[in-house]
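Structure first, commentary second.
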Amino acid sequence: ARIQGSYSYTGANNIEPTTVQTALNDEANLQGLAFGGGLSFANDAGFYIGLDYSWKYMGVLGSTNFFTFEITW
């Protein structure tokens, strides 16, 4: 099991509105936070199964969930 987290200081866009006040100004301040975790299982026969989840706030897109499922044998 694992837990991970991050925060990007710089937002996803580099546009700096100087005179126009929009809701995008607030969204840019919230961007950067992300966290997630995962579980995995492997045995000696070469079977592996894993599940990862992460969440990231993506500005005007809002909260975004990411799922990854992996199985190998």
Side-chain angles (χ1 to χ4, degrees):
R2 65 185 169 276
I3 298 174
Q4 57 199 36
S6 69
Y7 184 83
S8 300
Y9 180 71
T10 305
N13 60 24
N14 58 1
I15 300 171
E16 291 289 334
T18 56
T19 58
V20 178
Q21 295 295 324
T22 67
L24 293 176
N25 294 345
D26 294 335
E27 297 293 331
N29 292 332
L30 296 173
Q31 280 184 328
L33 180 63
F35 69 87
L39 297 171
S40 62
F41 169 79
N43 66 11
D44 294 334
F47 177 79
Y48 174 85
I49 188 168
L51 176 66
D52 290 327
Y53 167 79
S54 63
W55 173 89
K56 182 173 183 176
Y57 188 80
M58 299 188 67
V60 295
L61 296 177
S63 295
T64 306
N65 298 291
F66 299 93
F67 295 94
T68 304
F69 179 74
E70 181 179 2
I71 186 169
T72 59
W73 61 91

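Residues: numbered from 1 along the sequence shown. Side chains included, hydrogens not; waters and symmetry mates left out as well; all remaining heavy atoms used. Note that the coordinates shown come from a computational prediction; the quantities given were computed from them, not determined experimentally.
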Identify the heavy atoms of A42 and Y48 that sit nearest to each other, and give their distance.
CB-CD1, 3.9 Å
Under a 4.5 Å side-chain heavy-atom rule over Ile, Leu, Val, Met, Phe, Trp and Tyr, are F69 and W55 clustered together?
no
To the nearest 0.5 Å, atom OH of Y57 lies from atom CZ of F35 at 14.0 Å
Between N43 and F41, is any pair of side-chain heavy atoms under 4.5 Å apart?
yes
Applying a strict under-4.5 Å side-chain criterion to I, L, V, M, F, W and Y, I'd like to know whether F66 and L51 cluster together.
no
Minimum heavy-atom separation for L39 and D52, please, with both atom names.
N-OD1, 4.4 Å
Any chance CD1 of I3 has more than 12 other-residue heavy atoms, nucleotides or ligands included, within less than 6.0 Å?
no
So that I know where these two stand, are F47 and W73 an aromatic pair - ring centroids less than 6.0 Å apart?
no
